[in-house]
Amino acid sequence: MTATTVTLGKALNLALHDALASDPRVLVYGEDIGKLGGVFRITDGLQAEFGPERVFDTPLAESTIAGISVGLAIKGFRPVAEMQFDAFSYPAFNQITSNLAKYRTKTGGTCNMPVVIRIPYGGGIGAVEHHSESPESYYAHTAGLKVVSPATPADAYALLTAAIQDPDPVIFLEPKARYYQRQELTLPLPPEPLGRARIARPGSDATIIAYGPTVAVALAAAEGAAREGISLEVVDLRSLSPLDMDTLTASVRKTRRAVVVHEAPVFMGLGAEIAARLMHDLFDVLAAPIERVGSATVPYPPARVEKLFLPDADRVLEAVDRIREY
Amino acid sequence: MTATTVTLGKALNLALHDALASDPRVLVYGEDIGKLGGVFRITDGLQAEFGPERVFDTPLAESTIAGISVGLAIKGFRPVAEMQFDAFSYPAFNQITSNLAKYRTKTGGTCNMPVVIRIPYGGGIGAVEHHSESPESYYAHTAGLKVVSPATPADAYALLTAAIQDPDPVIFLEPKARYYQRQELTLPLPPEPLGRARIARPGSDATIIAYGPTVAVALAAAEGAAREGISLEVVDLRSLSPLDMDTLTASVRKTRRAVVVHEAPVFMGLGAEIAARLMHDLFDVLAAPIERVGSATVPYPPARVEKLFLPDADRVLEAVDRIREY
Amino acid sequence: MTNIAQRRGTSAQAAADPIAAMVDEHGVLTADAERAANVSDAELRDLYRLMAIARRLDQEGVNLQRQGEIGLWGPINGHEAIQIGAATAMADADWIFPYYRDFGMAIARGVDPGVALTWFRGLNHGPWDPRELRFGPGIISVGSQMPHGVGFAIGCKLDHEPIAVLTCSGEGATSTGDWHESMNFAGVFQAPVVVLCENNQWAISVPFRQQVAGHIADRAAGYGFPGLRVDGTDVLTVHAVVRAAAERARRGGGPYLVEALTYRFQPHTTSDDPTRYRDEADAAPWRAKDPLANAEARLRARGAWDDAFAEQTAQAAEEAATNMRQTLLNAPPPHPGIVFDQVYANPPDSLLREKAEFVSSLESGGAE
Amino acid sequence: MTNIAQRRGTSAQAAADPIAAMVDEHGVLTADAERAANVSDAELRDLYRLMAIARRLDQEGVNLQRQGEIGLWGPINGHEAIQIGAATAMADADWIFPYYRDFGMAIARGVDPGVALTWFRGLNHGPWDPRELRFGPGIISVGSQMPHGVGFAIGCKLDHEPIAVLTCSGEGATSTGDWHESMNFAGVFQAPVVVLCENNQWAISVPFRQQVAGHIADRAAGYGFPGLRVDGTDVLTVHAVVRAAAERARRGGGPYLVEALTYRFQPHTTSDDPTRYRDEADAAPWRAKDPLANAEARLRARGAWDDAFAEQTAQAAEEAATNMRQTLLNAPPPHPGIVFDQVYANPPDSLLREKAEFVSSLESGGAE
Ligand SMILES: Cc1ncc(C[n+]2csc(CCOP(=O)(O)OP(=O)(O)O)c2C)c(N)n1
Ligand SMILES: Cc1ncc(C[n+]2csc(CCOP(=O)(O)OP(=O)(O)O)c2C)c(N)n1
Ligand SMILES: [Mg+2]
Ligand SMILES: [Mg+2]
């Protein structure tokens, strides 16, 4: 229990490690997660330590990777399955939405589904297509799932731990561009209850709502704004479904202005729900409309131009300007 | 060219018929769409008239039903593929999002994808699970698709005709609970350009925004309100992606109040985008927050209680009351 | 490089498969295999009785649908030998992952028929606790139950428990990606699973030859395990073969595919109109193969059939039908709030709030 | 009921398959088949030259990635015989639906190598017009190209055009649902498709035996068409077999599966570190089967190899590498606005507005 500096990726690795060590029913599987340790090394060393019965590679078939998790959960395991990249969770879409999300309902509330589907997501890493998508809207709109995304090493550890302990299916979205972000931690951290947002930086002039990869963007914007004497509060959602409306509402009630920032296209992105709710619930409080910063309504662009489509601090600050000048 | 009374289902059937008759490159296929004419008889008689090379049954495999449409489109066909029910489009999710929606981009803009994926959707028909879902959010959030839903026999004909003629992939959502709704039409109608909403009923006190199965709900609400001297304008979206913001904004600018009604869960439903946009664009104009009426955040409920979860005129009117009293 | 020659020799393997040797060229248990299977007359009568009850309840399902008491019924007529034969072949600790049409399996496994039907009355999405009877929910998204069964079977192997799993589907389901992926997983992990395909020649309106390229049982070889086509109208054959395959799985022998041939004598469901796509004549060659008549003939051949048994059976079936109807009609409607309760074991506060609002608006008559 | 006996007799079928008879027990073209294939010395040299160029360009791809000029490279080393042999076996009017690793096919088909690499430079998602060279885009979502090829082939059949389609994937892709569904569609519709599996023994870190239950070529029988395993390190074998399968498809003979065995000598991509999951020793038995050495041996055996040819070839490869690099480095960066233009043929007004705003904010330096 001494403090060490770990990356977000390493924090996830440690959370998986500690879950495997503390609960013999936890299983970790997916494509290339064994000897290779996953293409991002998040499962590094786990097979060597816990053996190929608890940490194993599967054939290349995402639908059945998700599908076996249902059967294994009934058998009393706690499956933690990995989808190698965001867009490679789409072949599993039917298993996730029609079965995993609905199995407890389908069995009259008798069969819990303590399943975690880990998905590295988001762009900005110069990758080829299908490797940089932000699928959170698809999962957040699916009742029966919980959708979580950490933005810091501490939360990576604490939220993944909670997700594995949770009796319900959790889509765990890992901001892959932040795998190398570092933080000093004293491990093991206690699990962080799912469903609670976090004030990443307190402020008073406007609220920037972000999650996963855009929390760093929001913080950079807040830093920049501070230099101009503008105080931005940054809320890190952590839970994308459900949304912690209490925290959001409290923050925006105070600041009366907000910007939601995500990498997904603005159209039908999570920002739509957040903006619709905040403007509904704080209609008389708001000093300006809620702004949304996200990608254009296009397929994820090629690497050479991706940065132009991703939210950055400047675009957030422009949105802040718009609502401050409103 | 004489007027006849047709159901919405029949109008779709006629649109398919006329498309097959006028363009030899149109193909119609899916599960049970041949001799059976589809479980809803939308393709009734088409195989008999156009032969099993142009109208054919496929094996039970939605992913590949969607997937062959890509290959057939490259070969110069205009595929019109049917998914038997809403939730049975989910196995095709990867083909639709990763390939169909992105193929033109992937080929540098050289390969058009004039593909229509027809999906009966929505509930209220007393069906077992997976047969009553409203998947529009999933498709509307996917850049590269166009998403359309008719609410009347006239639009069923005119929009399906336009969808088939369109050079881009169209997800065509058919409000299955309205297949038997009737209207007098003079056929053939000209195609209705995709992307334009329709004022289904003019009014002045508030705007009810609906699409597909909820347009009738909105009209019933407007009828009820009229009896109390309240004038509701009903906008039928017709196009769910893109949204016709010009029509929506013009209506709500006039009424200063709006309710969005859909069967999908409110959370991350289309109402989120519409509400977020209208409240953003008409921030100073609105007299009350935009209300959303839709399903709860639960898997589609069993038939016996489904009506309690579906929007009805009363729930719309309660929402109207809330914003009129605001 | 000797890889090319390294093939596991699928035909050699098939020849070495003692289960395949249990059936003749018609897929029917050989006399030798019947003796070895050692199904007593009493046991065969039990199988017959279950089939007769299943048939009667199936008819009652149709009646109840016609009377508007349930929304939909998917008849099992023609499937009785497969469903009863296979379900009874599994040991008590074994698991079954059925598909929507496996009503016969459900009752063989001990699900109360009247409770089973509450599903089709729209009272719930699935009325039994799978763990109680080791019987999964009836999955409707075609083929998607396969990975559940295979996953569970992998779990049994990980737990070193001698449990076999039966996964069931129609032949239409073999066209789905999930079927294939699961077959491959089963082979790769050598999961203790018996994959049962109830090939009734039709997937709604699509006949077998437009659905399946090649033959289903042949596909097993491509996954490195044996597959066998059997006469799915003979309960003894199905029972003995599935039992042997389950024993093999429990012993660590790996997956086994059983394709059981029968005919869907009735419409796909009560919503279906088969006159649009098939002739009555199509069924003719199969009429001679009625599962109940087959079983009766077997009992007669053994001298184990008599009028008293016939009468008792008919009476038991009749009683079961009455009970089923009664249980069904007495089933209380669900409190709508349960729809919220069943989603999560650990529901978010926001959902609890949503439920509270929903319930209070119901109570104030608001939502209706 | 004679259904059980109605099986198409897959082993009988295989025996009757004249293409299977072209190869010996090592999957190598027999001397007879080589004579019959009638590939001239000049043609064999052309194949060798293309392979040599492909190998050199592949190496250049690795270099360019190391130098930071492209973001990623997926080496084809070991795949040269398959990709060149198969691509050149297809007639000009035939179509190929490749997967991401089919760079060798691309250049054999006439894609400018430097243009091909702009994809991995992140300038676009796919730099060629498929219809120009009848060569589809390199699909990354594993297995999902299969239905495209099969769909196109169904279209050829509907158009009564004698066009054959080659669909390509790795062996890992055979685990996907799409692969199976497409195989079944191909069989049901008797599509004129040659299904090529480039089995390089590895799917990133997962070895063949943990990926595939059974054997890939064996699976074809389950779909009612023939499958053949061939030595994928021998260009002449691949070329002759694929050519025969394509001819068969064009003549209406239906689908054919070719599993070509080779080894992925290099990392999965330049991002991969194979030392984590395999030993150099694993590759040893395959080293003797180098595709270029094999082809050279064939040319030598024919007396069709000489130093001048070797030198010319090396020079051609070197020139090609220089040209590729130059074309790549000269490729203009995309105007970001093109991202909007490529989505729809008939773009919604709202997208045009979005583009206009995007472009003007770029011009005002806003978005950067
Ligand atoms: C994924 C999916 N697609 C389509 C359907 C609609 N559907 C229900 S049953 C059925 C046919 C299934 O045939 P088969 O597998 O042979 O089983 P059977 O009904 O004959 O017992 C279809 C197409 C579905 N339930 N799920
Ligand atoms: C649907 C999907 N899942 C996962 C991946 C990540 N991935 C890329 S290549 C690959 C392995 C493919 O192996 P194989 O099919 O044998 O082709 P090879 O790369 O060996 O040529 C994986 C898992 C992907 N691209 N698509
Ligand atoms: Mg069937
Ligand atoms: Mg491979």
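Below, chain A is the first sequence line, B the second, and so on; all start at residue 1.
Put simply, the side chain of H180(D) never gets that close to the backbone of W179(C): no donor and acceptor are under 3.5 Å apart. N184(C) places no side-chain N or O within donor-acceptor distance of the main-chain N or O of V212(D), the cut-off being under 3.5 Å. Not one N or O on the side chain of E181(C) forms a donor-acceptor pair closer than 3.5 Å with the backbone of T176(D).
Note: H215(D) NE2 to Y223(C) OH = 14.5 Å, rounded to the nearest 0.5 Å.
At a 4.5 Å heavy-atom cutoff, S182(D) makes no contact with chain C through either its backbone or its side chain.
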